[in-house]
Amino acid sequence: MSDENKAAEAANATEFMAKLVALCKRRGIIFQSSEIYGGFNGFWDYGPYGTPMRRSIGNLWWKYMVEDRDNVEGLDSSIICHPSVWRASGHVDHFSDQMTDCKDCKKRWRVDQLPVPGECPACGSHNLTEPRDFNLMMRTYVGPVFDEDHIAYLRAETCQPIFVDFNTIRVAARQQLPFGIAQIGKAFRNEINPRNFTFRSREFMQMEMEFFCKDEGSLDWFEYWRHERWNFYTKILHIPEEKLRWKWHEKLAHYAKQAVDIEYLFPFGWDEVEGIHHRGTWDMSQHALFSKQEAQCKYFDAETKEAFYPTVVETSCGLDRISLMVLCNAYDEDTAATKKEGKEEDARVVLHLTPMIAPVQVAVLPLSKKLEAPAREVQKALRQACFRTEYDDTGSIGKRYRRQDEVGTPFCVTYDFDSENDHAVTVRNRDTMAQERVPLADLSAKLFAWIHA
Ligand code: ATP
C-alpha cells in the first residue's frame with residue numbers, strides 16, 4: 001500500500017473511532033471515568049445503554065461456556081488474593097513491559113508499540129531512554145500497616161484463582177478430568193499506554209476458562225476449544241468470519257505446546273480479542289511449589305492410582321474488548337425516509353447490534369401521548385416476557401426511531417389509534433426498516449423468535 005493510501009486509511013480509522021466514541025458518550029453507552037475531574041486515563045464507565053449490552057455479552061459467554069456444558073464449572077473469586085499467588089504465577093517478577101521515556105516531551109511508551117523504533121510518536125524526538133522493565137501489577141496494602149510486608153495485588157488476570165481453587169471445586173462439583181473452570185471478573189493492569197478507546201484499559205473485565213486434562217490428548221482439547229471459541233464469535237455474536245482471523249504464536253512459552261489468538265479487524269487494524277493457550281502443567285506445578293500443597297494441585301487418577309499435575313488449555317478474552325469489537329462491527333451510517341420538510345431521506349446513525357445483546361430489545365412508542373395507558377400495558381407484558389424494553393412518547397415518531405437506531409434497538413413497536421380496535425401493533429425492524437402489523441396476541445412469540453434467530 002502506498003504511503004498516501006496508508007495515511008488515508010489511518011485518517012478514516014481515526015474519524016470512525018472519533019464518531020463511535022462521541023456516540024458512546026452522547027448516548028450513555030461508554031464514557032471516561034471521572035469526567036468532571038478531567039477523566040482518568042485507562043478507566044471507563046458504562047452508562048444506561050452500555051451496562052445491559054456488556055452484561056448480555058457476558059451472560060451469553062457464561063451460558064455458552066458454563067451453563068450449556070456438564071464439564072465446565074463456574075467460579076467467582078476475590079479480586080485480591082494471597083500475594084504468593086502472584087509470585088508463583090511469575091507476575092511479581094516478570095509481568096512487565098519494556099518502556100522508554102522521551103527525554104524531550106517526557107511521554108512514556110511501550111517499546112514494542114513504537115510505530116517507528118527509536119522515535120517518539122508524540123514529538124518525533126530520537127532522544128529516548130534505554131528500555132526499562134515496567135511491572136504492570138497494580139499494588140495496594142492490606143492490613144493496618146502500609147509497608148512492604150503488607151503489599152497485595154489487584155489481580156492481573158482472572159485465571160490464577162482458578163488454579164488455586166482447582167481441587168476445592170473439583171471435589172465440590174464431583175468432577176473427573178477432563179473438566180474446566182470458568183470465571184468472569186475484573187482484572188487490573190497498569191498499562192503504560194492505554195489506547196484505542198477501551199481496547200487497552202487499566203481496569204477491565206476478563207472471561208477465562210481453564211480446561212484441566214491429561215497431557216495425552218491435550219492438543220485435541222486445544223483444537224476443540226479453539227473451534228468452540230471461533231463459533232462463539234461467529235454464531236453467537238454474529239461477527240462476520242472475514243473480520244476475524246487466527247494469529248498463531250511463533251514463540252511459545254517453554255511449557256506450552258500451542259498458542260493462538262483470535263484477532264478482529266478493528267478500524268485501527270487487526271488486533272487480539274482472545275488467546276487460546278496450551279499451558280502444559282506449568283500453573284499447577286508452580287502453585288504446588290509455592291504453596292507446598294502438592295496434593296491440592298495434583299489430580300489422583302483412581303484407575304491408575306497415580307497422582308499427576310493436570311495439563312491446562314486456556315481460553316482467555318476481554319469482555320470490554322469484545323464489547324468494543326461488537327460496537328465497531330455494529331456502527332453504521334445510512335439513510336432513512338423522513339417527513340422533514342423538503343426532504344425524502346435523512347442520514348441516520350445505527351448500531352446493527354445482534355438483538356440478544358442490544359441494550360433495548362423492544363421500544364414501545366405510542367403514536368400519541370393520549371395512548372400512554374394501553375401502550376404501557378404492552379410494555380408491561382413485554383417486560384414480563386423478559387425483553388429489555390424502553391417506553392418513549394417524546395417527539396415525532398421519526399425522531400424516536402432515530403433515537404432507538406442509535407442505541408441499536410432491533411424492534412420498535414408502535415401503538416396507534418387502530419390498535420384499540422384491531423388489537424395489533426406495528427413492529428418496525430431496525431435493519432430493514434420494514435414495518436409489519438402484528439396481533440398483540442402474537443407479539444411476544446414473534447419477538448422471541450426474531451430475537452433468538
Ligand atoms: P495484549 O498483548 O493486548 O497486551 P495479552 O496477550 O497480554 O494482551 P492476555 O493476558 O492473554 O492478553 O489477556 C487475555 C485477553 O484479555 C486479551 O485477549 C484481551 O481481550 C483482554 N485484555 C488484556 N489486556 C487488556 C487491557 N489492558 N484492556 C482490555 N482488555 C485486555
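Starting from 1, each residue takes its place in the sequence as its number. Ligands are counted one by one from 1 in listed order, and the atoms in each one are counted from 1 as well.
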Cation-pi check, Arg69 onto Tyr64 ring (under 6.0 Å, within 45° of axis): yes
Do Glu67 and Lys63 meet the salt-bridge criterion of a basic N to acidic O distance under 4.0 Å? no
for atom 19 (C) of ligand 1, nearest protein heavy atom and its distance come out as Arg321 NH1, 3.4 Å
Hits for side chain to side chain contact (heavy atoms under 4.5 Å, CB included) against Asn196, two or more places apart or cross-chain, chain-then-number order -> Phe199, Phe268
re atom 22 (N) of ligand 1, the protein heavy-atom contact at minimum distance is Phe204 CE1, 3.5 Å
Is Lys107 atom NZ crowded by more than 12 heavy atoms from other residues, nucleotides or ligands, each under 6.0 Å away? no
Salt bridge present between Lys19 and Glu15 (N-O < 4.0 angstrom): yes
Can you say whether the rings of Phe179 and Phe166 are parallel (under 30°), tilted (30 to 60°) or perpendicular (over 60°)? parallel
From the candidates Arg202, Gln206, Arg110, the one that places a heavy atom nearest atom 13 (O) of ligand 1: Gln206
Would you verify whether the NZ or CZ of Arg87 falls within 45 degrees of the ring axis of Phe290 while also being under 6.0 Å from that six-membered ring's centre? no
Tell me, which protein residue and heavy-atom name are nearest atom 2 (O) of ligand 1, and how many Å apart are they? Glu272 OE1, 4.0 Å
What protein heavy atom sits nearest atom 28 (N) of ligand 1, and how far away is it? Ser201 N, 2.9 Å
If the plane angle is over 60° it's perpendicular, under 30° parallel, otherwise tilted; pick one for Tyr255 and Trp282. parallel
Quick one: does Cys317 get an N or O within less than 3.5 Å of an N or O on ligand 1? no
What part of Val273, side chain from CB on, backbone N/CA/C/O, both or neither, has a heavy atom under 4.0 Å from ligand 1? backbone
May I ask you to check whether Arg200 has an N/O atom sitting below 3.5 Å from an N/O atom of ligand 1? yes
Check whether any N or O atom of Phe199, backbone or side chain, sits under 3.5 Å from an N or O atom of ligand 1, and answer yes or no. yes
Would you mind checking which non-hydrogen protein atom is closest to atom 14 (C) of ligand 1, with the distance to 0.1 Å? Ser316 OG, 2.9 Å
Got the closest protein heavy atom to atom 7 (O) of ligand 1, with its distance? Arg189 NH1, 3.2 Å
Ligand 1 N/O within reach of Glu157 N/O, cut-off under 3.5 Å: no
